[in-house]
Structure formats: structure tokens, C-alpha cells
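Heads up: the structure comes next, in C-alpha cells.
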2 protein chains.
Amino acid sequence: MLQKQGQMFSKACEYGIRASIYIAEQSQLDRKVGLKEVAESIDSPIAYTSKILQQLSRNKIINSEKGPGGGFSMDKQELDKVYLSTIVLAFDGEEIYKGCGLGLKQCNEKMPCPVHDQFKLIRDKLKTMLETTSVQSLTADFEKGLTFLKR
Amino acid sequence: MLQKQGQMFSKACEYGIRASIYIAEQSQLDRKVGLKEVAESIDSPIAYTSKILQQLSRNKIINSEKGPGGGFSMDKQELDKVYLSTIVLAFDGEEIYKGCGLGLKQCNEKMPCPVHDQFKLIRDKLKTMLETTSVQSLTADFEKGLTFLKR
DNA sequence: TTAATAACGGATAAATTTGTCCATTAATAT
DNA sequence: ATATTAATGGACAAATTTATCCGTTATTAA
């Protein structure tokens, strides 16, 4: 009754990353995709997914076109410039890198919390990972059916 | 309006770790501490902190005694056996180690999400860090005023 | 045995996050 | 022009997390 969650990113961010990977993969095949298809492909609630895609669109991570033949897509040329960090930033901000592991507002080298150094190691690794992992680099295995976006 | 949070642990868990460090330090000085003192020392809402301390107590991480002269404490002898992982487990469970970075229910070597390997690296490091950092090891610098639990 | 102290536990409220619904807007095709 | 398609945006609802309030229980001391 006080026990809960424990996830690295918000649900919105998780959906955002999953959706981006799916859209990126389909864009490489020159396919635009609609809201319904995205939601089904990543097993996410459709109405909420709509908000997620809007957020991605507002942040220029994906393109969206209205009307018949419309849908969501990503520029093939730009695909290698979209990193996980880009998406995480759009949903969860940079708290996860910058924020204190114990929730202190002011926590830095000068005035560190007791676990500052230990967390810095982890957070820096996470930051580097997110900043060097492009969405494009994740599509190949997904297309081959080696990785999954639902279940 | 969809942008939010981004913290490694729940607020409850953050308070739980901070409270444990404070209580551990005071226990090393053979001082029991009351709810009010803990809340003030870690700058947390007093009523919520009460729940936090109950949770720590139920999980045998701290001792609590009612009545005059009562308060919260930790066994000096046991202090080196309480790791950050112990506290995190009590509040956030083991999702943060075991859970999928993209929120998939089923995500493992056989059926990995697209970022499974990348996340595994980070999560394993986090796990190791939490499992090897004892609360006791954090008290010395706090007592010397080199690290902080508020602000 | 009474009064005082301090943690406990249940109910409830506030805030945030997650999720839904539906009317509107933009684009396309007939 | 009109109908159809598909994303957009606003309001709202549910669920979860964070936080408060207060009466009860246990302990100690007078």
C-alpha cells in the first residue's frame, strides 16, 4: 500500500520510444502509418497513443499528415540523427540525467547527497547510452523479427 | 502537458533512503530519533514521513519503539548488512532491475525488446551499485558535513 | 492508575499520470 | 463543392502516487 512502480521512464516515454521505433522501421520501407496501426503494433491504448504521437510530432521527431493517405512518418535521411535521448527529452525532460538520485533540489559536486558519486556513474552511463543509441540502429533487428515491441 | 517527472525511484523510496541514512548516522551515535526530527532532517512532509518510517519498520530495516523515550533506530551491528538495494526493494520492488526498459511485460533474452541489451548493461550496473553500497558506508561523510540530506 | 509521549493505522484528500471521448481542422478524392 | 479520411486539441475520467488528519495503541513515568 506504499509499494509501487519502479520504472526508468514514464509510460508516455516508453510508448514514445516504441512508437518511434515502429514508425522508423515502416518509414524505411517507405510506408506511412496511421494511429490505429501504431497502437496495435506497439500494443498501446489508442487514444493515449494519439497524444503520444502528437507529442512526438510537436517535437519534430516524427512527421504527421492529415487526410486520406496521411499518417505518421520519419524522414529517412534524418533517421540516424534521432537518438533515444531525443525522445526521452521530449517526454521526461533531463531530470533522469541531471536530477539527484535522492530527490534533492540542490545536489552537485559542491553540495552532494550521500550517493551523488555512485549515482553519477550510473547516470552518466545511461546518458551516454541514450545519446549514442539511434532509433535507426534499432530497426534492423526489429524488422528481422529478432526484437519485439509488444507482449 | 504530457511532459513530466523522470526520476529513478519513487518519492517514497527517495525519502526512505534519506531517512535510513539519517537514522543510521544517529544510531551510530547511540541516539534514537523521533518522527519530527527525521522529517526535519531530511526535509520531508512529516505525515508522509510517518508512512515511510512504518514501511521501513515493517521491512525490519529500522526498529521503532512507542512511548516516551521511544523513536526510531537501527542496530549498530546490523548496519553493514543494510544496502541501498534493501530499501529500494521495500519501496519500489525489483522492477527497476528486472522490468523492461520499454515497459513490455515479457522481455528477455529469447524475446527481447529492441533496447534490451543496452538497458541490461545499465540495469546490471545499477543493481550492482545498489547491492554493494551499504547505508553504513554513507554515514561517515554525512556526519562530517561533506554530504547532505536536505536542500 | 493516570497522564503524557510517540508510533500505528485507517480514512481521506490533493496532485500527478494515464487514459478516454468527441468535436474540429486539414487534406484528399469524387 | 462535398464527402471521406485522418490527425488535432480540449475536456474529462480513472488510476496511481503523494500527502494529510486524527483517533487508537503501546510504553513510560509520576
Side-chain angles (χ1 to χ4, degrees), chain A residues 1-16 18-19 23 26 31-40 42-74 90-93 95-96 102-103, chain B residues 1-16 18-19 23 31-40 42-74 90-93 95-96 103:
Chain A
M1 68 97 245
L2 193 61
Q3 173 106 5
K4 84 307 300 285
Q5 61 133 26
Q7 61 197 183
M8 195 87 60
F9 307 124
S10 67
K11 221 87 198 46
C13 188
E14 289 177 354
Y15 291 145
R18 286 200 258 160
I23 295 169
Q26 292 295 308
R31 291 192 63 236
K32 273 177 221 163
V33 291
L35 166 62
K36 197 175 165 209
E37 177 181 343
V38 174
E40 278 166 5
I42 69 172
D43 193 31
S44 59
I46 185 162
Y48 196 49
T49 304
S50 167
K51 302 298 184 192
I52 302 295
L53 296 178
Q54 279 176 45
Q55 183 80 351
L56 287 170
S57 173
R58 283 196 208 95
N59 283 269
K60 318 269 187 217
I61 293 167
I62 63 175
N63 311 121
S64 90
E65 293 164 87
K66 288 181 176 182
F72 300 94
S73 63
M74 294 174 81
F91 288 97
D92 290 356
E95 270 293 292
I96 205 154
L102 298 188
Chain B
M1 72 92 245
L2 193 61
Q3 174 105 8
K4 86 304 304 282
Q5 58 133 25
Q7 59 196 186
M8 194 89 59
F9 307 124
S10 67
K11 219 88 198 43
C13 187
E14 289 178 352
Y15 291 145
R18 287 200 256 158
I23 295 169
R31 290 193 64 236
K32 273 178 220 162
V33 292
L35 167 61
K36 199 178 165 206
E37 177 180 343
V38 173
E40 277 165 6
I42 69 172
D43 194 31
S44 59
I46 187 163
Y48 196 49
T49 304
S50 168
K51 302 298 186 192
I52 301 296
L53 296 179
Q54 279 177 46
Q55 182 81 352
L56 287 170
S57 173
R58 282 196 209 97
N59 283 268
K60 319 266 188 221
I61 294 167
I62 64 175
N63 311 120
S64 89
E65 293 163 87
K66 289 182 176 180
F72 301 94
S73 63
M74 293 174 81
F91 287 97
D92 290 355
E95 269 294 291
I96 204 151

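Given the structure is predicted, the values throughout are model-derived calculations rather than measurements. Chain naming here is simple, since letters A, B, ... match the order of the sequence lines and numbering starts at 1 in each. Note that these values count all heavy atoms, side chains included, but never hydrogens, waters or copies made by symmetry.
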Practice problem: Do nucleotides 19-30 of chain C as a string where each nucleotide becomes B, S or -: B if the base has a protein heavy atom under 4.0 Å, S if just the sugar-phosphate does, - if no protein is that close. | Solution: BB----BBBB--
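Separating the CG atom of A:L56 from the P atom of D:dA7 is a distance of 14 Å, rounded to the nearest angstrom. The distance from atom CG of B:N63 to atom P of C:dA6 is 18 Å, rounded to the nearest whole Å. Rounded to an integer number of Å, the gap from NZ of B:K32 to P of C:dA7 is 11 Å. The CZ atom of B:F72 sits 14 Å away from the C1' atom of D:dT27 (whole-angstrom rounding). Here D:dT5 presents its P atom at 17 Å from CD of A:E37, a figure rounded to the nearest Å. Rounding to whole angstrom units, CD1 of residue B:I52 and C1' of D:dT20 are separated by 13 Å. Here D:dT8 presents its C1' atom at 12 Å from CG of A:L53, a figure rounded to the nearest Å. Rounded to whole Å, atom C1' of D:dA7 lies 10 Å from atom CD1 of A:I62.
Considering only residues two or more places apart in sequence or on other chains, A:P45 meets the side-chain contact (heavy atoms from CB on, under 4.5 Å) condition with A:Y15, A:Y48. Qualifying side-chain contact (heavy atoms from CB on, under 4.5 Å) partners for A:K60, counting only residues two or more places apart in sequence or in other chains: none. Residues forming a side-chain contact (heavy atoms from CB on, under 4.5 Å) with B:S73 (at least two apart in sequence, or on another chain): B:S27, B:K32, B:N63, B:E65. B:E37 meets the side-chain hydrogen bond (donor to acceptor under 3.5 Å, both in side chains) test with B:Y22, B:R31; sequence neighbours excluded. With sequence neighbours left out, A:S44 forms a side-chain hydrogen bond (donor to acceptor under 3.5 Å, both in side chains) with A:T49.
In plain terms, the two heavy atoms of B:L56 and B:A19 that are nearest each other are CD1-CB, 4.3 Å.
Between B:R58 and the phosphate of C:dC8, there is no side-chain N or O to OP1/OP2 separation shorter than 4.0 Å. Between B:S57 and C:dC8 there is a side-chain N or O to OP1 or OP2 distance below 4.0 Å. Taking 4.0 angstrom as the limit, B:Q54 places none of its side-chain polar atoms (N or O) nearer than this to OP1 or OP2 of C:dA7.
At least one donor-acceptor pair closer than 3.5 Å links the side chain of B:Q55 to the backbone N or O of B:A90.
Each of D:dA7, C:dT18, C:dC8 was ranked by its minimum atom distance to the side chain of A:Q7; first place goes to C:dT18.
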